[in-house]
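The chains referred to below are lettered A, B, ... by the order of the sequence lines, with proteins before strands, and numbering in each begins at 1. Model, not experiment: these values are computed from the prediction.
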There are 2 protein chains.
Amino acid sequence: MLFSLFSKAVDRKRAKHYHKIIYYVLVHIKIVSGFGAIMATIKQISELSGVSRGTVDRVLNGRGHVSPEKERLVRSIAEQVGYTPNRAGKALAARKKSYIIGVLLASEGNPFFGEVIRGVHEAERELHDYGVKVVLRTQKGYDVAAQLAAMDEMGEDTNALILNPINDPAVAEKINALSDRGVQMYTLNTDIEDCRRLCYIGSDYFEGGRIACGMLGLLTGGVANVGILTGSVHILGHKQRINGFLDVMYKKYPKFRFLSIMETEDDDMIGFESTRRMLTEYPEIDTIFLAAAGVYGVCRAVQSFLPERRLHIVSFDHIPQTEELMRAGLIQATICQQPFAQGYEAVKLAFNSLMNGMPPAEQQFIVKNDIRILENL
Amino acid sequence: MLFSLFSKAVDRKRAKHYHKIIYYVLVHIKIVSGFGAIMATIKQISELSGVSRGTVDRVLNGRGHVSPEKERLVRSIAEQVGYTPNRAGKALAARKKSYIIGVLLASEGNPFFGEVIRGVHEAERELHDYGVKVVLRTQKGYDVAAQLAAMDEMGEDTNALILNPINDPAVAEKINALSDRGVQMYTLNTDIEDCRRLCYIGSDYFEGGRIACGMLGLLTGGVANVGILTGSVHILGHKQRINGFLDVMYKKYPKFRFLSIMETEDDDMIGFESTRRMLTEYPEIDTIFLAAAGVYGVCRAVQSFLPERRLHIVSFDHIPQTEELMRAGLIQATICQQPFAQGYEAVKLAFNSLMNGMPPAEQQFIVKNDIRILENL
DNA sequence: TTGTATGCGTTATCAT
DNA sequence: ATGATAACGCATACAA
């Protein structure tokens with residue numbers, strides 16, 4: 001290989017005499033090897049440019065303290081040889097200090113997050129070799145003060161913090177504060193506006209709503225009296241799902257009649273009661289779009305109050321009761337948002353940014369919505 | 001940290017005096033650090049056991065030439081400290097020799113494989129740092145002799161070979177021959193029986209068929225006159241899809257009437273003609289299960305000969321015409337088999353086995369079948 | 001400003 | 001059979 005001309009056997013002085021010739025060759029000849037691109041290393045760049053490895057490192061990592069002409073020279077050569085840092089080498093060197101990635105999930109007792117956590121742990125396992133520590137902390141329910149407190153505590157000793165933020169200005173502010181303190185911030189599963197998070201990892205709720213409507217359109221043959229049950233109109237994701245649903249409904253299904261919308265507050269009991277009232281007020285409802293949690297309560301209400309009629313129901317996510325409800329024929333389809341991938345990718349993204357000292361290229365990592373019926377549950 | 005007691009500052013002789021004590025402690029006390037498991041290294045094991053790193057390496061990698069008692073000692077300590085090799089270190093050391101992974105795809109002109117190839121390239125990009133070369137070769141159509149010849153050629157200079165095998169005994173035999181020659185063999189997208197491939201990467205065709213039937217059950221309300229179009233009854237995957245379809249049909253949809261099955265030979269023109277004949281012979285058909293390629297030809301036939309009637313059609317895969325056909329309302333749903341993931345995971349799996357010198361833990365890597373409707377295409 | 005030396009974990013080579 | 005040592009690519013503390 002070309003570069004081995006100046007391996008350790010040849011000292012720097014000889015190299016200095018040759019490096020201009022080599023450089024000339026590099027500039028004017030397109031270099032290819034038998035199998036693909038050459039993998040340039042810092043050492044090779046130092047030999048080609050006649051400066052030390054340390055200087056090359058300083059240039060390539062912008063550490064300063066290097067003369068302009070050498071800087072230009074090194075940059076130029078690195079460009080010519082198409083230098084990209086070697087991850088294995090970086091990882092090994094980085095092992096002395098270890099990165100700590102915090103994961104703060106505000107939702108104990110929400111079965112949806114089980115898979116998210118599995119994904120987090122899988123990423124932790126894979127990154128174990130790279131000296132990464134993952135600190136996971138879960139909280140019960142949506143309490144702004146509690147979330148803020150936990151963020152402060154975890155921000156103390158983490159290099160990156162991943163959380164599913166409560167949609168409250170105080171949380172956005174705290175995200176900015178921690179970001180300024182040097183903690184790389186990520187939002188998981190739900191995003192929050194007006195803050196300096198590096199990336200949102202989660203699903204496209206609007207698309208999820210569109211898919212739900214498309215599915216119900218197919219199931220009903222395009223004719224339906226629709227009732228919608230949402231968690232809370234104040235929760236951004238739920239609202240976006242409903243907007244998506246209505247988007248498809250208005251454009252594609254003129255024979256859909258939208259009769260009523262009520263809230264479950266993500267609770268089975270409240271869902272039961274809301275559904276009961278909805279069905280007594282609008283007994284002609286034959287199709288239910290279930291945009292949030294409380295699925296089991298809603299379905300039980302349907303079963304209790306319209307035992308003879310077969311409604312069309314599409315829900316979200318896959319929780320333990322989902323299979324039972326699908327097997328019973330109450331729910332025909334449920335739309336999942338790849339919870340495992342959300343947890344997994346969030347940790348990996350955070351690690352990669354820490355590793356290369358650069359924020360993720362994309363500000364969003366959107367996981368695909370996933371249609372499930374009984375056969376592929 | 002515990003192990004640093006015997007860092008380089010302390011010489012081997014002192015270590016030898018202490019290692020039995022430490023060993024005792026290790027055996028009787030469960031070791032935990034603040035953040036999780038200790039990451040044991042070969043160096044630490046050598047210090048604890050009082051043997052050299054070389055010997056530890058010889059034991060842990062089964063290179064032989066080591067006395068039984070030292071072997072037992074090292075094994076025991078490695079077990080106690082829960083040693084797992086560090087991938088970054090391995091990668092760096094392995095860079096001197098570079099692995100070559102061959103990918104042989106027999107299907108030029110089949111749009112399905114575009115995404116598979118994208119997955120292969122993405123894996124290649126990610127593994128670039130680890131000195132992996134991927135050699136991709138594609139072939140037109142299914143010609144056993146051509147595939148055998150290509151296998152022989154590629155087997156010469158590859159450490160692993162991934163291919164979508166033609167279902168022919170000669171191919172199985174060649175897979176065994178190459179395997180015996182030390183090439184690690186993988187089957188991609190379609191499997192083949194009675195051969196020593198290390199792993200099959202692809203979808204579960206039986207499940208795919210079940211999902212298709214479940215979907216048509218939902219679309220038709222459980223009442224349908226069904227026609228099936230397959231590629232060839234001789235192709236294993238197609239047969240499995242049909243078996244899956246019939247499985248659900250018999251168990252769950254007693255009002256499905258199965259009227260006819262014909263072949264498309266994966267060709268649009270033949271598909272058109274087969275469909276035309278099917279629809280003239282059984283004009284009562286209102287539901288079509290499209291288990292193979294030739295999708296466009298079939299749909300055009302439906303459009304030509306039953307322009308007024310609205311059939312229910314479920315197909316497989318996502319090719320360029322699929323979206324047009326769905327938009328036109330001819331196809332309601334198509335079941336995809338994650339082609340990108342197939343290509344990506346195949347290469348990664350092959351690399352991992354080469355890296356740790358161990359075949360994959362599982363003999364199959366099954367990607368999920370994925371329901372698509374117009375809204376999530 | 002610039003260069004040198006060392007170490008991260010693993011593997012291979014060379015001595016003994 | 002066993003131990004010592006160099007090398008892989010990168011980062012950094014230290015020396016000049």
Side-chain angles (χ1 to χ4, degrees), chain A residues 1 3-4 7-9 11-13 15-16 38-47 49-71 73-74 78 83-98 128-131 355-357, chain B residues 1 3-4 7-9 11-13 15-16 39-47 49-71 73-74 78 81 83-98 128-131 355-357:
Chain A
M1 181 174 283
F3 294 118
S4 59
S7 64
K8 63 185 179 307
D11 63 15
R12 163 149 297 103
K13 282 157 200 154
K16 282 207 179 189
I38 285 180
M39 305 191 239
T41 71
I42 284 186
K43 191 178 160 200
Q44 288 161 349
I45 293 175
S46 96
E47 286 163 354
S49 59
V51 304
S52 74
R53 301 211 290 274
T55 301
V56 176
D57 173 66
R58 279 184 278 269
V59 171
L60 262 32
N61 294 296
R63 307 190 203 283
H65 302 284
V66 62
S67 74
E69 57 266 47
K70 295 218 179 202
E71 159 119 26
L73 175 63
V74 170
Y83 172 78
T84 47
N86 180 293
R87 285 157 57 214
K90 269 180 113 79
L92 217 42
R95 248 188 75 107
K96 300 166 194 177
K97 50 177 185 195
S98 77
H128 191 257
D129 288 342
Y130 298 158
M355 188 72 151
N356 12 308
Chain B
M1 181 173 285
F3 294 119
S4 60
S7 65
K8 64 185 177 304
D11 63 15
R12 163 150 296 103
K13 282 157 200 153
K16 281 207 178 190
M39 307 192 238
T41 70
I42 284 186
K43 190 178 160 200
Q44 288 160 349
I45 293 175
S46 95
E47 285 162 356
S49 58
V51 304
S52 73
R53 301 215 292 276
T55 302
V56 176
D57 172 65
R58 278 184 280 267
V59 171
L60 263 32
N61 294 293
R63 306 189 204 284
H65 301 284
V66 59
S67 75
E69 59 265 46
K70 296 218 177 199
E71 160 119 24
L73 174 63
V74 170
V81 300
Y83 171 78
T84 49
N86 180 293
R87 286 157 57 217
K90 268 179 113 81
L92 215 44
R95 248 188 74 108
K96 301 166 194 175
K97 50 178 184 194
S98 78
H128 190 257
D129 287 342
Y130 298 158
M355 188 73 149
N356 9 307

- Query: Hey, which of these two, B/Leu92 or B/Val66, hits DNA chain D nearer its 5' end, going by closest nucleotide?
  - Reply: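 Of the two residues, B/Val66 wins.
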
Quick one: side chain to side chain contact (heavy atoms under 4.5 Å, CB included) partners of [X], sequence neighbours excluded?
{"X": "A/Ser98", "answer": "A/Lys133"}
{"X": "A/Leu92", "answer": "B/Asn86, B/Ala88, B/Leu92"}
{"X": "B/Ser67", "answer": "B/Glu69, B/Lys70"}

- Query: For the residue pair A/Met355 and A/Arg87, what are the closest heavy atoms and their distance?
  - Reply: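 Shortest heavy-atom contact: CE-O, 3.7 Å.
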
- Item | With A/Asn61 via side chain to side chain donor-acceptor pair (under 3.5 Å) - residues at least two apart |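 Once residues adjacent in sequence are excluded, the partners of A/Asn61 under the side chain to side chain donor-acceptor pair (under 3.5 Å) criterion are A/Asp57.
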
- Query: Judged by atom type as modelled, is there a donor-acceptor pair below 3.5 Å linking the side chain of B/Thr55 to the main-chain atoms of B/Val51?
  - Reply: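 It does not hold such a pair.
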
Mind calculating the distance between [atom1] ([X]) and [atom2] ([N]) to the nearest angstrom?
{"X": "B/Asn86", "N": "C/dG9", "atom1": "CG", "atom2": "C1'", "result": "6 Å"}
{"X": "A/His65", "N": "D/dA16", "atom1": "NE2", "atom2": "C1'", "result": "16 Å"}
{"X": "B/Tyr130", "N": "C/dT10", "atom1": "OH", "atom2": "C1'", "result": "14 Å"}
{"X": "A/Asn356", "N": "D/dC10", "atom1": "CG", "atom2": "P", "result": "13 Å"}
{"X": "B/Glu47", "N": "D/dG3", "atom1": "CD", "atom2": "C1'", "result": "14 Å"}
{"X": "A/Gln44", "N": "D/dA7", "atom1": "CD", "atom2": "P", "result": "15 Å"}

Can you find a side chain N or O atom of [X] that sits less than 4.0 Å from OP1 or OP2 on [N]?
{"X": "A/Thr41", "N": "D/dC8", "answer": "no"}
{"X": "B/Thr55", "N": "D/dG3", "answer": "yes"}
{"X": "B/Lys43", "N": "C/dC8", "answer": "yes"}

- Task: For the helix from C/dT1-D/dA16 to C/dT16-D/dA1, figure out the bend between the end axes, five pairs an end, and round to 10 degrees.
- Result: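 Between the axes fitted at each end of the helix from C/dT1-D/dA16 to C/dT16-D/dA1 lies an angle of 60°.
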
- Message: Working note: B/Tyr83 + B/Val56, criterion side chain to side chain contact (heavy atoms under 4.5 Å, CB included); need CA distance, chi angles, decisive distance, verdict.
- Response: CA-CA 11 Å; B/Tyr83 171 78; B/Val56 176; over 6 Å; no

Identify each atom pair where a protein N or O and an N or O of nucleotides 11-14 of chain D are less than 3.5 Å apart, giving names and distance.
from	atom 1	to	atom 2	distance (Å)
D/dA11	OP1	A/Lys90	NZ	2.8
D/dA11	OP2	A/Asn61	ND2	3.4
D/dT12	OP1	A/Lys97	NZ	3.2

- Not counting sequence neighbours, which residues clear ring-ring contact (aromatic ring centres under 6.0 Å, His included) with B/Tyr130? List them please.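 Expected list: B/Phe351.
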
- Item | Interatomic distance, A/Ile42 atom CD1 to A/Glu47 atom CD [nearest 0.5 angstrom] |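 If we round to the nearest 0.5 Å, A/Ile42:CD1 and A/Glu47:CD are 12.0 Å apart.
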
